[in-house]
Structures are given as structure tokens and as C-alpha cells.
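Order of the sequence lines fixes the chain letters, A, B, ..., with proteins taken first and strands second; residue numbering starts at 1 for each chain.
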Amino acid sequence: MDTKPGNNFLHTVIADDLAAGRVQTVVTRFPPEPNGYLHVGHAKSICLNFGLAERFGGHCHLRFDDTNPEKESQEFIDAIQEDVRWLGYQWAGDVRFASAYFEQFFDWALHLVRNADAYVCDLNAEQAREYRGTLTEPGRNSPFRSRSVEENLDLLQRMRAGEFEEGSRVLRARIDMASPNMNMRDPILYRIRKVPHHQTGDAWVIYPTYDFAHGQEDAIEGVTHSICTLEFEDHRPLYDWLIEHLPVPTRPRQYEFGRLNLNYTVTSKRKLKALVDEGIVSGWDDPRMPTIAGMRRRGFTPASIRTFCDMIGVTRSDGVVDVAMLEHAIRDDLNTNAPRGMCVLNPLKVILTDLPETHREVLTAASHPSREDLGSREVPFTRELYIDADDFREEANKKYKRLVLGKRVRLRNAYVIEATEVVRDEAGEIIAVHARTIPGTLGNDPADGVKPKGVIQWVSASEGRRATVRLYDRLFTHEAPDRGDNAYLEWLNPESLRVVEGAWIEPALAAARPEQGFQFEREGYFVADRYDHTAENPVFNRTIGLRDTWAAAGEDA
RNA sequence: UGGGGUGUCGCCAAGUGGCAAGGCACCGGGUUUUGAUCCCGGCAUUCGUAGGUUCGAAUCCUACCACCCCAGCCA
């Protein structure tokens, strides 16, 4: 696929910085907060940050922005690292933690206080909100704004020492309560939180806010281009203000891009967490989740996700990408790389009455129609087979290209057969179809010139294997489930998962390795489940169906 | 009504004064032992709107309109 990442505005910025000598080596970073699993939106950021470093011969750090211990945990730290690695990226040096810089941040807080650039404020949250003003009215100065340097120093040390209650005091930057930018109205730098931190234990009872941490982390690490999403644009003046007022070692610059929005998908962390907590999905890695872990379990490949990120580009406008693009990326990858196999989801027995009971023939089928390097597999052909019930009709018009009573169809990789009779149970339901093989049709058209109407997949009834196949579909039926606060729950697709316990697969598929992807011909792309699949109890997840212009056209025969 | 952004085909997106790339989707046709893939063809006289500058504008200027973000001691 032509996904040559063209040029985006960041390429231009960086190329200019390099050319002008403002930057020697590009350093970027992917800075997740470990408070949830990574999702497809993060994948865009990961591809961007690591991709930029790769493209310009620089480095990209993985840094946990762990400044809010209440919502964070080691589970997320582990999962995030695994996801980044799985996507195929390796961060420069060790994993970094904002919490590792807490002592430095505190020193810098003292620095601001000494320069009268910060003060300890005793307003509670509600009062602070009142003093902050509104979007259209300026705020008012806090009554604690003019405390002496000495008093502020003393108070800040005592905040750290744990002498004050949570919420009773904060450290604030002294900037401008009348600024039209709310972020500049004496933003909070430190708050008191008497909770243990997953990295620093109980060493701290005050924690820096995002604003007082992020730019400084970047500066410490020598990040040259700090790339974040559009909603942080208003924070840039504060980011720059702190860099200017602190004796930081380097001067990183912040750039913003538009975050990824996907239709039929929810990416709000809160909503994703609710889907997990309320048991609507089986976990963060449920194959229906747009998380990296979920997509992995669904059968997406790292390459397909990276291709997708290249396809959608990077700009400063916010749009909604059609999930069809993501689907195209994975279909394209699997079409060229996944071995083929045959699977019958809704079995209907076919008895080839012209063959003896003991008939057994081992056919060889190419694993891929055009990739000879993928080799072949053996497929046993026997008297009794299963085909999909949808692939047989007693009568149909000429548009129906499958098996019809009295007509012929080609069994994929095998013979042409002709249906001769239907067998019914007492209730009149069709329970089997009798058919005969047309001699000499292995690799050839029938000698009598009567060509088969179509090609269908099949599995030997005596040698095929039973398998559990999970048919996944989009989780939401609404194009914009993320809209509103909780409307998404009303748009849940009741058919997002259909489990087929009685599917039949050709023997070779049972030997699949977990996470191995296949195309089940005429059905779609499937992956052996990462956790549940075994040779004894095969479990496959449908990654995505084949493009189906027949069904899409609403055709019927 | 304060500040910060964004507006190019149904969706994403190139384009940076010289006469609208590409991808997705869609619609035709061909090949095909997957109604898949692949191949060929079609798909913006027009760039949020209205004026203006210019030989020439999506690109410059002016005004207007629409949408997104900001009033967490979240990130």
C-alpha cells in the first residue's frame, strides 16, 4: 500500500530547527499517564513521536507522567510498556518516570518562591474557583498572593512535611489573575495528597500538577519537541512561562496536533473504563475494545496499525476518521500475509454418495493464492463433508453462485460436486445433502463442459476439527457514540459478539499458534485467540470480515 | 459576549500566488477454484461565505459564518 508518510507540519518544523542549528539531535517522548490502557488514539501519538525520532535520527523516550497517584497503578505501567513494544517501538534508554524528578521539581518550586514567582494559597477549592473568575470576567487576586518569601518558604516546606490537611493549601504561580487565558490565572503547581505513590511510596504528600511537571520533565530529559494534543494549546504560554522562570537545563518547545477520533468508536478513557468496570466487555483487552491490547487480541497486527497511522496523517484540525480506513489497513496486511484456511461456521452435512464409506484422499492446498513462499497444507477429503448451510439452496436464480439442488459447485481446493438429493428430518428440516463428485475435476473443469456455478469452502466431517469461533462486530451502532456523557450505553450493539461453538475447521488450523492470523476463505480474517486457543480446543476470533459486495448490495437469489 | 484553534470531494489529507496530489468509501468494467484479492475506468470548473488586491488566488487583504478547546487542587 502506498502509505509513504508524506510531510506533515511537524516534519517542516523539525527540519527547519535542524537546518537552523537550533536543535542538534531530535528528542521526542511519549508521555502516558498510567491510569488506563492505551487505545488507538495513543497509537497515533506513539507512531508520531517514535516515527519522528526515527525519521530524523533522534531519540524517543517513554515517560510515565505519574503525577496523580490516586488514579495510577503498576498494572497500567506494565501494560503500556508491553503495548509500545508490541507496536514495534523501542524507547531510548530506560523507561522514565516524572516521579523520579519530584525532588528536582520541589527545588524548582523553592526557586519560584524565592523569586516571588509562586506563593502558598490557603483558598479551598471552592473559593479558588470563585476567585478565578469566568471565561468572560477576570479573576481576583487571592488574599494570600502577597505573602512574604519567608512565609511562603516556610509554608511550602511544611506542606511537604505533611503538616497540613489535603485541600487546605496549594502552591500557585504568581502570574496574572486577569489573563484572558484561564491557565495563566495563578495556576496551581502543587497540591496536598496524602496517598502513597506507586513509585515513590509515602515519600511525598504533595504532588506537582501536570503544568508544573510536564515541561520540566521535558527539560530534564532534553526533549526538543514536546508533542501533545490540541487541548493543551492553551497551556503552552504557561509551559513557556515556567521554562523561562526556572533554571532548567534545556528549553523544550511544545507543539500540538489533532487527536484521533474514530467513528463508531469510543476513546474517552472514562467511558472505556466504564465498559470494563460494568462488565459490558470482558476487560481492557476484549477484542471489541479500541485499546491496543484489545486490537491485538482481535487480530490486528502492529504493521496494520502503523499503516493506519500513516494513512490518517497528522494535522492541527480535528476530524473524525472513518473506521473503514482502519479496517482497510488490517485487511490489506492480512490479505497479503495471512495463510488461508477453510472453516464452516454453520455446518450442513454433504454426503458424496458416489464415494465408498472409507474414501480418504489427502489433497494439497496452497496456503496463499499468490504467495508461494507461504507453502501449502494437506487437506483430507472424505465421503462426508460439511459446507455452510448458507451455501446450499434447493432452488435459486442464476445470481446465486453456490450449491443448488441438481446443480454444480466447486469445492475449494477439491472437486466439483453436484447436489442430487436433500435429506430431511421428521420436522421437514434439511439435515443433509446428497451429492456426487464429478470425476476428473481436481484442478480441471468438468469434461462435459457443464461448469460449476461457484466455489465454496468445506471441511471433512470425519477429520475436521470442532472449533469455537467468536464473531466480533462493532461495539456501537451509532456513528458518534462518544458524543454526550452517557449516551454511548444506549448505542451498544447487541450483536457485537456472537460465539459459534460448533464451527468446523480443517485439521491444519488446529495447529495454529496463538495470535496467528488466517484468512478463512470466503468468511474473513481470523486469529487464534492469544489466551484461549489450544490444539485441543481451537478458539478463533474474527478480526474483520472480507469485503462483501454481494451482501453490501443487498443482493438475493 | 474573553482567549486559543480549525475550516480543500461522503471521510482523512496534499497544496505556502501560476491554473485542485493521494488514500478510504462509493459507482462502472475485466481477470479469478475466495461474490475476496488484483487490474482498468469514473468520482471537487472548485477550496466555509462575501468582498478586495493581482495578468493570475485554495494560497495575500478585509469582513462575516460555522465548528472545536479553556472556568479540575485531572492529564
For [N], which nucleotide is its Watson-Crick or G-U wobble mate, given both distances must be under 3.5 Å?
N: B:U54; answer: none
N: B:U49; answer: B:A63
N: B:U1; answer: none

Open item on the list: I want to check something: taking the side chain as every heavy atom from C-beta on, are A:R191 and A:N68 in contact at a cut-off of under 4.5 Å?
Closed with: yes

- [ ] For A:W550 and B:G35, say yes or no: do the ring centres fall under 5.5 Å of each other while the ring planes differ by less than 30°?
- [x]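 Yes, the aromatic ring of A:W550 stacks with the base.
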
Task: Minimum-distance pair of heavy atoms, taken over all atoms of A:K453 and A:R402 - done: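 Closest approach of A:K453 to A:R402, heavy atoms only: CB-O, 4.1 Å.
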
- [ ] Considering only atom C1', compute the distance from B:U45 to B:U8 and round it to an integer number of Å.
- [x]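 Going atom to atom, C1' in each nucleotide, I get 15 Å.
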
Open item on the list: Between B:A63 and B:A75, how far apart are the two P atoms, rounded to whole Å?
Closed with: 39 Å

Open item on the list: Rounded to the nearest 0.5 Å, what separates atom CD1 in A:I456 from atom CZ in A:R522?
Closed with: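 Atom-to-atom, A:I456:CD1 and A:R522:CZ are 6.5 Å apart.
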
TODO: Any chance you could measure A:R140, atom CZ, to A:E130, atom CD, to the nearest 0.5 Å?
DONE: 7.0 Å

Which nucleotide in the list [options] gets nearest to the side chain of [X]?
X: A:K401; options: B:C74, B:C73, B:G35; answer: B:G35
X: A:K71; options: B:C11, B:C74, B:A14; answer: B:C74
X: A:P180; options: B:G35, B:C24, B:G2; answer: B:G2
X: A:V455; options: B:C70, B:C73, B:U34; answer: B:U34

- [ ] Select from A:E70 and A:G133 the residue whose nearest nucleotide in RNA chain B is closer to the 5' end of that strand.
- [x] A:G133

TODO: Please tell me which of A:M325 and A:V321 maps to the more 5' nucleotide of RNA chain B, matching each residue to the nucleotide holding its nearest heavy atom.
DONE: A:V321

If only side-chain N and O atoms of [X] are considered, is one of them under 4.0 Å from the OP1 or OP2 phosphate oxygen of [N]?
X: A:T67; N: B:A75; answer: yes
X: A:R191; N: B:C74; answer: yes
X: A:R193; N: B:C73; answer: no
X: A:R522; N: B:G35; answer: yes
X: A:R316; N: B:U6; answer: yes

- [ ] Specify the glycosidic conformation (syn or anti) of B:G72, with syn defined as within 90° of 0.
- [x]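 B:G72: syn.
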
TODO: Could you label the plane-to-plane angle of the A:Y239 and A:H214 rings as parallel, tilted or perpendicular, counting under 30° as parallel and over 60° as perpendicular?
DONE: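 Ring orientation, 0 to 90° scale: tilted.
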
